[in-house]
Amino acid sequence: MSEQHITPRAKDYAQWYQDVISAAQLAEPAGVVRGCMVVRPHGWAIWEKIQGELDRRFKETGHQNAAFPLLIPLSFLQKEAQHATGFAMECAVVTHAGLKTVDGQIQLKNELEEPYVVRPTSETIIGHFFAKWIDSYRDLPMLLNQWCNVMRWELRTRLFLRTGEFWWQEGHTAHASHEEAREEVMRMLDVYREVYHDVLAVPVIRGRKSDNEKFAGALETYCVEAMMQDGKSLQGATSHDLGQNFGKAFNVTFQNKDGARDFVWQTSWGASTRMIGALIMAHSDDGGLVLPPRLAPIHVAIVPIWKNDAEKAQVLEASDKLARELRSDGLTVKLDDRDDKRPGEKYYDWERKGVPLRLEVGPRDVASGTAMGKSRIADAKDKVKVPFENVGVHVGAILDSLQKQLFERALAFRAANIVKVDSWADFQAVFADQNSKFVLAHWDGTTETELAIKEATKATIRCIPLAAEGFDDGAGKCVKTGQPSAQRVLFAKNY
RNA sequence: CGGGGUGUGGCUCAGCUUGGUAGAGCGCUUGGUUCGGGACCAAGAGGUCGGAGGUUCAAAUCCUCUCACCCCGACCA
């Protein structure tokens with residue numbers, strides 16, 4: 001429980017991000033394993049909450065969980081050309097089995113005939129099994145999901161945002177028609193959007209990736225993009241229309257009603273522990289982590305206040321009763337009865353861990369039958385009285401309100417930092433120095449222009465927003481080349 | 001992987017230029033006083049200075065290599 005200084009956002013945003021993670025004890029660099037992280041209990045508890053919310057929705061939409069091998073035969077990677085080149089540089093490879101001791105030194109023993117790749121994603125090995133399991137249109141759709149860890153040998157890592165190993169889910173489905181597969185792609189994109197909006201309280205923009213940004217091996221990639229507090233964008237989840245690319249590569253065929261054979265149409269979709277990074281950078285402040293109630297491992301921290309043994313007995317009894325009542329309402333409550341810390345330090349302690357609501361219970365409160373409540377994002381001077389009577393109802397209302405406030409605050413921030421830009425000079429001005437906003441601008445649709453814009457400003461096309469996002473205001477001219485453009489696309493610097 | 005920076009008790013760092021028996025603050029342990037926004041006093045524990053090799057009578061300090069982390073870039077969820 002060391003005292004932890006958090007660098008203010010305005011001073012050094014990147015340092016602030018790391019300080020928040022450290023102060024809340026979410027994770028730390030493994031140190032002994034390049035680029036990998038250790039997710040500490042408080043961080044993993046948040047991930048478990050996210051998993052629960054996603055998993056329930058996956059099952060509601062007809063998917064089943066399964067598990068596939070961590071190791072993938074090297075030859076599998078080679079079967080889909082784009083996929084292979086896309087992941088080649090990031091693969092960790094297992095080349096040996098067994099160890100031997102020579103002169104007291106441990107050495108590798110048996111070289112494998114065919115090396116294995118530690119999965120960077122599982123399209124290939126799942127494709128192999130789809131081929132085995134799918135024969136008829138009656139076997140379709142096949143709707144699977146896997147919760148697992150994957151490894152990508154990244155050159156530059158940042159906790160949660162990009163690490164060598166990370167935890168995620170990858171959905172893999174096979175369908176009888178392209179139309180059906182496309183429906184699946186959009187359905188799962190909307191599941192991600194719902195979880196971001198209703199659970200993480202982070203507004204996202206749904207869209208399609210440009211050819212340059214799409215997944216290696218996909219026909220099209222869709223994504224949700226979220227704005228962080230520095231105006232940069234973070235890709236929150238992806239949903240891929242794989243077409244028949246993997247079906248052809250792994251010979252996944254089925255016989256249709258007319259007796260003809262065809263390749264299946266596949267999708268894959270994923271979201272990772274990176275969501276925790278999005279959560280941090282969307283809501284947290286200079287006081288540390290801010291968690292939306294629906295993801296908080298601890299909803300309420302009760303801090304009892306006493307001066308002597310008689311008061312201690314009294315306030316602990318009242319606090320304990322409160323805790324029990326709140327727990328019976330399904331809330332997770334921490335009664336902080338540590339006697340080696342004074343109340344003030346406990347306040348900071350729970351605040352930097354992101355606990356949504358603190359209840360203070362002292363002799364005065366016991367006498368009045370109310371606790372002093374402070375929501376995580378309220379000013380210290382804006383504490384509210386929370387009656388002991390029906391405390392669950394009052395606390396529930398405060399938490400619901402906080403959940404809503406966080407979403408609205410994030411939405412308002414995004415609205416204030418999203419701009420339509422029509423001149424190249426204005427475009428460059430927005431992205432000058434380290435600055436970023438969400439810029440809706442016209443683009444001529446070529447990779448060449450996209451790369452030229454990136455070269456000049458470091459901003460990239462985050463997505464081509466779906467019409468449903470309401471940003472489309474008709475055709476125009478490319479902000480860089482003046483060539484015709486059908487619709488505005490979303491530019492930003494990104495994580 | 002290219003450029004820059006940093007590695008010294010759990011944490012933040014001083015000491016290195018000019019080699020000579022490892023320091024501070026915080027945290028931790030014990031006891032006491034405290035307790036409504038980061039308490040105080042006293043007594044303790046804890047480090048072969050990231051690792052390996054070299055120079056030297058002697059290395060945290062000088063040299064070489066290596067590993068890790070951070071920042072910028074390229075790559076990427």
Side-chain angles (χ1 to χ4, degrees), chain A residues 1-7 12-15 17-19 22-23 28-37 85-91 120-121 150-170 192 209 212-216 221 223-226 233-240 268-278 287-288 303-309 311-312 315 337-352 358-366 371-372 374 379-381 383 434 451 454-455 458 460 462 494-495:
Chain A
M1 293 308 143
S2 61
E3 184 176 321
Q4 191 85 37
H5 174 71
I6 297 173
T7 305
D12 184 342
Y13 192 82
Q15 188 59 50
Y17 174 75
Q18 294 177 80
D19 289 347
S22 167
E28 62 188 47
V32 291
V33 185
R34 181 192 169 87
C36 293
M37 67 174 164
T85 33
F87 284 99
M89 295 305 291
E90 304 177 23
C91 287
T121 179
V150 290
M151 175 158 277
R152 297 182 188 178
W153 208 261
E154 299 289 352
L155 299 174
R156 183 178 169 192
T157 58
R158 297 187 72 183
L159 289 174
F160 291 119
L161 302 176
R162 176 162 293 106
T163 47
E165 178 187 28
F166 58 94
W167 290 265
W168 76 345
Q169 56 71 215
E170 44 179 331
Y192 290 133
K209 286 294 186 190
N212 183 51
E213 296 273 341
K214 75 180 184 186
F215 177 73
T221 288
C223 62
V224 293
E225 295 283 330
S233 185
L234 186 139
Q235 180 175 305
T238 50
S239 187
H240 312 293
S268 68
W269 28 274
S272 72
T273 36
R274 173 180 245 208
M275 291 177 87
I276 297 172
V303 178
I305 296 158
W306 67 79
K307 282 187 169 62
N308 53 50
D309 285 350
E311 287 184 355
K312 181 177 176 182
V315 299
D337 59 359
R338 289 177 291 180
D339 57 9
D340 60 325
K341 301 217 179 299
R342 299 161 91 225
E345 186 171 359
K346 295 180 182 179
Y347 299 165
Y348 285 104
D349 200 17
W350 297 113
E351 278 171 9
R352 66 184 176 224
R358 178 180 78 234
L359 292 177
E360 302 165 17
V361 180
R364 297 204 295 263
D365 306 298
V366 174
M372 292 305 291
K374 184 194 165 301
D379 260 12
K381 60 181 189 302
K383 295 179 186 175
Q434 292 298 307
L451 293 176
K454 182 179 180 181
E455 172 76 24
K458 293 177 191 166
T460 54
R462 298 326 307 149
N494 74 303
Y495 280 100

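Only heavy atoms go into these numbers, but all of them, side chains included; no hydrogens, no water, no symmetry mates. Chain letters run A, B, ... following the sequence lines, proteins first, then strands; residues in each count from 1.
If you check every strand for non-hydrogen atoms under 4.0 Å, A237(A) touches nothing. Nucleic acid contact for T221(A): none, since no nucleic acid atom lies under 4.0 Å from a heavy atom of the residue.
Listed pair Q18(A) / C71(B) meets the phosphate criterion, a side-chain N or O lying under 4.0 Å from OP1 or OP2. In this structure, R34(A) reaches the A68(B) phosphate: one of its side-chain N or O atoms is under 4.0 Å from OP1 or OP2. Contact annotation: K383(A) side-chain N/O to G36(B) OP1/OP2 distance is not under 4.0 Å. Taking only side-chain nitrogens and oxygens, R156(A) never comes nearer than 4.0 Å to OP1 or OP2 of C1(B). Of the side-chain N and O atoms in K307(A), none sit less than 4.0 angstrom from OP1 or OP2 of A39(B).
To the nearest whole angstrom, the two C1' atoms, one in U30(B) and one in C63(B), are 47 Å apart. For the C1' atoms, the distance from C28(B) to C11(B) is 11 Å, rounded to whole Å. When the P atom is used for both U48(B) and G32(B), the distance is 33 Å, rounded to whole Å. Going from the C1' atom of A14(B) to that of G9(B) covers 14 Å, rounded to whole Å. Across A24(B) and G15(B), the matching C1' atoms stand 11 Å from one another, rounded to whole Å. For the C1' atom pair drawn from A58(B) and A42(B), the interatomic distance equals 40 Å after rounding to whole Å. Taking atom P in both U8(B) and G50(B), the straight-line distance is 6 Å, to the nearest Å. Separation of the C1' atoms belonging to A43(B) and G38(B) is 24 Å when rounded to the nearest angstrom.
Shown here, A43(B) forms a base pair with U29(B); the pair counts as Watson-Crick or G-U wobble because both key distances fall under 3.5 Å. The nucleotide G37(B) finds no pairing partner, because no Watson-Crick or G-U wobble arrangement with both distances shorter than 3.5 Å includes it. The partner of C49(B), taking Watson-Crick or G-U wobble pairs whose two distances both stay under 3.5 Å, does not exist in any strand shown. When both pairing distances are held under 3.5 Å, C75(B) makes no Watson-Crick or G-U pair with any nucleotide shown. U56(B) makes up no base pair with any nucleotide shown, lacking Watson-Crick or G-U wobble contacts both under 3.5 Å. Checking G7(B) for Watson-Crick or G-U wobble geometry (two distances, each under 3.5 Å) identifies C67(B) as its partner. Of the nucleotides present, C13(B) is the one that pairs with G23(B) by Watson-Crick or G-U wobble criteria, both distances under 3.5 Å.
Side chains of C223(A) and T238(A) form a contact here, defined as non-hydrogen atoms less than 4.5 Å apart. For the pair R462(A)/T460(A), a side-chain contact is recorded, criterion being any heavy-atom separation below 4.5 Å from C-beta on.
Closest-nucleotide positions on RNA chain B for E213(A) and P343(A) were compared, and the one nearer the 5' end corresponds to P343(A). Place W168(A) and G35(A) on RNA chain B by their nearest nucleotides, and G35(A) ends up nearer the 5' end.
Residue side chain D365(A) reaches the base of G36(B) through a donor-acceptor N/O pair under 3.5 Å, judged by distance alone. Side-chain N/O atoms of R358(A) and base N/O atoms of G37(B) include a donor-acceptor pair closer than 3.5 Å. Below the 3.5 angstrom threshold, one finds a donor paired with an acceptor across the side chain of E351(A) and the base of G37(B).
In this structure, CG of D349(A) is placed 13 Å from P of G27(B), rounded to the nearest angstrom. Taking atom NZ of K381(A) as the reference point, atom C1' of G37(B) lies 14 Å away to the nearest angstrom. Per the geometry, CG belonging to L359(A) stands 18 Å off P belonging to G36(B), to the nearest Å. Per the geometry, CG belonging to D340(A) stands 16 Å off P belonging to U33(B), to the nearest Å.
Closest to the side chain of R352(A), from the set C35(B), G37(B), G38(B), is G38(B). Ranking C69(B), G38(B), C71(B) by closeness to the R158(A) side chain, first place goes to C71(B). Side-chain proximity of E345(A) to the nucleotides G36(B), A39(B), C72(B) is greatest for A39(B). Side-chain proximity of R364(A) to G36(B), C69(B), C28(B): nearest is G36(B). With G38(B), G73(B), G36(B) as the candidates, the nucleotide lying closest to the side chain of K458(A) is G73(B).
From E165(A), atom CD reaches atom OG1 of T157(A) across 12.5 Å, with rounding to the nearest 0.5 Å.
Counted within 6.0 Å of CG on N308(A), heavy atoms from surrounding residues, nucleotides or ligands total more than 12; the atom is thus considered enclosed.
The minimum heavy-atom distance linking A271(A) with W168(A) is given by the pair O-CB, 3.1 Å.
Taking a cutoff of 4.0 Å between a charged side-chain nitrogen and a carboxylate oxygen, E225(A) and K209(A) qualify as a salt bridge. Taking the charged nitrogens against the carboxylate oxygens, R358(A) and E351(A) do have a contact shorter than 4.0 Å, which makes a salt bridge.
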Worked check of side chain to side chain contact (heavy atoms under 4.5 Å, CB included) between Y347(A) and K341(A): CA-CA 10 Å; Y347(A) 299 165; K341(A) 301 217 179 299; over 6 Å; no

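For Y348(A) and G38(B), the ring-to-base geometry satisfies the stacking test (centroid distance below 5.5 Å, interplanar angle below 30°).
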